[in-house]
Amino acid sequence: MSTDSTPSIDTPSAPRTLAEKVWDDHLVVKGEDGNPDLIYIDLHLVHEVTSPQAFDGLRVAGRPLRRVDLTIATEDHNTPTIGIDRPIADLTSRTQINTLRANAEEFGVRLHSLGDIEQGIVHVVGPQLGLTMPGITVVCGDSHTSTHGAFGAMAFGIGTSEVEHVMATQTLPLKPFKTMAINVEGTLREGVTAKDIILAVIAKIGTGGGQGYVLEYRGSAIRALSMDGRMTICNMSIEAGARAGMVAPDQTTFDYLQGRPHAPTGADWDEAVAYWTTLATDEGASFDAEVFIDADELEPFVTWGTNPGQGVSLSDVVPSPEQFDDPNERAAAERALQYMDLTAGTPLKEVPVDAVFMGSCTNSRIEDLRAFASIIDGKKKADGVRVMVVPGSARVRIEAEAEGLDKIITDFGAEWRFAGCSMCLGMNPDQLAPGERCASTSNRNFEGRQGKGGRTHLVSPLVAAATAIRGTLSSPSDLNGK
Amino acid sequence: MEKFTTVTGIAAPLRRSNVDTDQIIPAQFLKRVTKTGFEDALFYGWRQDPDFILNQQPYLGARVLVAGPDFGTGSSREHAVWALRDFGFSVVVSPRFGDIFRGNSGKQGLLTAQVPEEDVERIWRAIEQQPGVEMTVDLVERQLSIGELRLAFEIDDYTRWRLLEGLDDIALTLRNEEAITAFESRRAAWRPTTLPAR
Ligand code: SF4
């Protein structure tokens with residue numbers, strides 16, 4: 001990892017960050033003369049969109065997939081969330097899915113297909129199976145692979161040719177990332193969640209602020225979060241431009257992992273925990289950059305624009321482009337307001353929505369669904385608002401149903417769907433119509449992301465729930481008496 | 001990847017500058033699931049015009065493409081290289097290339113030969129005087145010859161070495177096979193494995 005240029009980096013006693021430790025422990029070959037290091041990959045997650053050409057590349061070159069036992073595939077981006085027993089209507093989607101099935105069969109890769117109990121969004125499935133663990137390296141041909149960093153893993157997204165590279169060699173040539181500490185100290189107020197922390201971080205450092213860095217989230221507010229909350233935060237590291245995000249493993253991490261299908265057992269477990277406990281950043285280790293966030297001050301957050309950095313507190317008004325000194329930011333704000341059809345100065349809580357999407361790899365785990373359900377329990381959704389709830393995996397769906405959450409959700413008037421990426425990117429039929437406005441628990445509010453002409457406000461599950469009740473952007477504290 | 005030393009073949013003049021990767025291969029072809037078979041997609045828009053140079057004989061069998069400055073700018077799609085390669089090109093000559101395109105080319109055995117703008121003009125004229133004339137591209141000597149012309153071209157040492165050795169990224173990494181295997185033999189038992197499924 002990048003540290004100062006003193007040769008002390010090789011001395012075991014030199015203080016190191018979490019990221020540096022994981023990096024060092026995966027060095028196959030140290031790059032000399034500015035060449036990249038060769039890094040070993042512990043876990044390769046595969047899905048239908050970025051894998052076909054990688055498999056084809058292996059086939060053309062006559063190369064085997066080196067470690068099928070470190071590879072696992074799921075179907076998520078294209079899968080329908082209703083009528084999952086019927087053939088997929090869209091030809092491109094169907095081709096991608098069928099290609100993955102044929103490739104998995106040919107190369108011997110474990111695949112969880114639509115209808116399988118372990119099927120789901122690749123970033124929900126890995127942790128849920130206990131495959132994602134501290135101190136490992138995880139890659140996937142998907143930028144939100146950063147999610148897995150919540151366990152203290154080094155996890156990052158890669159392109160299709162790198163997918164092929166990992167398949168063939170189980171390694172990647174990489175230049176070390178820089179390190180940035182994101183210190184979040186204090187206690188979150190009621191109704192403020194992990195999603196609000198990360199939206200505040202991105203608003204603070206900007207969508208390019210993390211470029212070239214791995215972010216380490218630290219401080220009392222992070223320690224107090226559950227694993228699901230930590231995953232929400234690490235998931236969106238990429239929206240700040242970072243390669244990866246990490247949280248040092250602690251008892252919360254171990255408790256989450258223990259007993260999961262692929263978690264170590266017996267003596268292996270003890271050995272693992274002993275190692276994992278050494279991973280936290282050493283006292284005195286230095287970061288290339290540091291950021292401080294006061295958790296006490298945070299409020300529920302919402303984006304008003306068309307990139308995840310364009311966010312403010314929900315109690316604020318739509319900002320005016322004149323507030324931005326930087327001419328590029330000002331121009332971006334102008335364009336965003338036009339696209340979003342918002343007027344500067346409008347209180348965000350007066351903005352009406354047409355749809356609410358509760359799902360995506362950012363917020364579709366069981367705790368997210370519980371949080372959402374706790375707000376809507378016994379209530380009815382606002383008239384004319386379409387509410388879609390999409391669990392992150394088939395298992396999450398089953399777990400939620402065992403707790404009766406599906407009943408709460410359908411009684412509320414919302415749609416309870418099968419697992420997948422769904423309206424996070426609208427690659428399947430779950431899309432916004434042109435001009436429709438949506439409060440979404442996903443991670444990208446880009447133009448057209450949820451459907452051509454659709455307008456996205458990124459929010460937490462609690463805000464999504466309150467918004468579904470009132471029909472305008474709202475937080476649970478606005479619900480008194482309703 | 002095959003070792004690249006010398007290529008001799010028909011040179012096609014593409015009298016255009018700023019040929020971006022969207023022109024080389026439009027986005028509609030990115031949905032495909034293969035890494036080969038993109039020959040029909042190359043310059044798809046332009047090839048709708050029967051007069052386009054690559055629709056003319058003898059250029060249907062060309063191996064060297066000679067283009068104006070800033071070839072391969074724009075989106076990072078690797079498909080641009082696949083399409084050129086599948087059409088039959090082994091070499092693109094231009095005064096300047098898009099960075100990512102040049103990187104992608106070097107990794108996939110397509111030689112990007114950089115020559116000054118006035119030399120491109122001389123090559124174009126040589127071809128137009130004698131359509132179907134063959135060009136020899138000698139990577140060892142970094143030299144192009146076509147008719148009477150002998151021209152030096154530029155390519156960085158690292159990419160040249162890789163092409164000469166026929167090393168794609170994966171082959172390059174696999175030169176560390178011993179180190180990878182040694183690393184794997186030390187891998188702790190607690191680290192995850194996906195098989196057998198539990
Ligand atoms: S849920 Fe959205 S962000 Fe996550 S993997 Fe799927 S498409 Fe990507």
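Just so it is clear: chains get the letters A, B, ... in the order the sequence lines come, proteins before strands, and each one is counted from 1.
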Relative to chain B, which segment of [X] carries a heavy atom at a distance below 4.5 Å: side chain, backbone, both, or neither?
X	value
A:V29	side chain
A:H44	neither
A:L27	backbone
A:A263	backbone
A:E162	neither
A:T99	side chain
A:P36	neither

B:R160 side-chain N/O to B:V140 backbone N/O, donor-acceptor pair under 3.5 Å: yes
B:T34 backbone acceptor or donor facing A:Q53 side chain under 3.5 Å: yes
Identified salt bridge (charged side-chain N to carboxylate O under 4.0 Å, His left out) partner of B:R187 from the options A:D42, A:D25, A:D69: A:D42
Cationic N near anionic O, under 4.0 Å, A:D116 to A:R395: no
B:K107/B:E78 ion pair, N-O < 4.0 Å: no
Among the listed options B:E184, B:R186, B:K31, B:Q108, the residue most often paired with chain A at heavy-atom distances under 4.5 Å: B:E184
Top contributor to chain A contacts, counting heavy-atom pairs under 4.5 Å, from B:V33, B:L172, B:I180: B:V33
Qualifying residue for side-chain contact (heavy atoms from CB on, under 4.5 Å) with A:T71, from A:L65, A:I41, A:L111, A:V166: A:L65
Report the option among [options] that has the most heavy-atom pairs separated by less than 4.5 Å from atoms of chain B.
options	answer
A:S51, A:G159, A:P52	A:P52
A:I72, A:I136, A:L129, A:V60	A:I136
A:W269, A:W276, A:F55	A:W276
A:E48, A:R67, A:R260	A:R67
A:V68, A:T132, A:V49, A:L43	A:V68
A:S161, A:A168, A:A61	A:S161

Under 4.5 Å from a heavy atom of chain A, the part of B:N104 involved: neither
Heavy-atom proximity to chain A below 4.5 Å, by part of B:A182: neither
Greater than 12 external heavy atoms within 6.0 Å of B:E118's CD: yes
Ring-ring centroid check B:F29 B:F38, cutoff 6.0 Å: no
B:R77 NZ/CZ over B:W82 ring centroid, <6.0 Å and within 45° of normal: no
Test item: side-chain donor near acceptor, A:T160 and A:E164, under 3.5 Å: no
Aromatic plane relationship, B:W161 with B:Y158 - under 30° parallel, 30 to 60° tilted, over 60° perpendicular: tilted
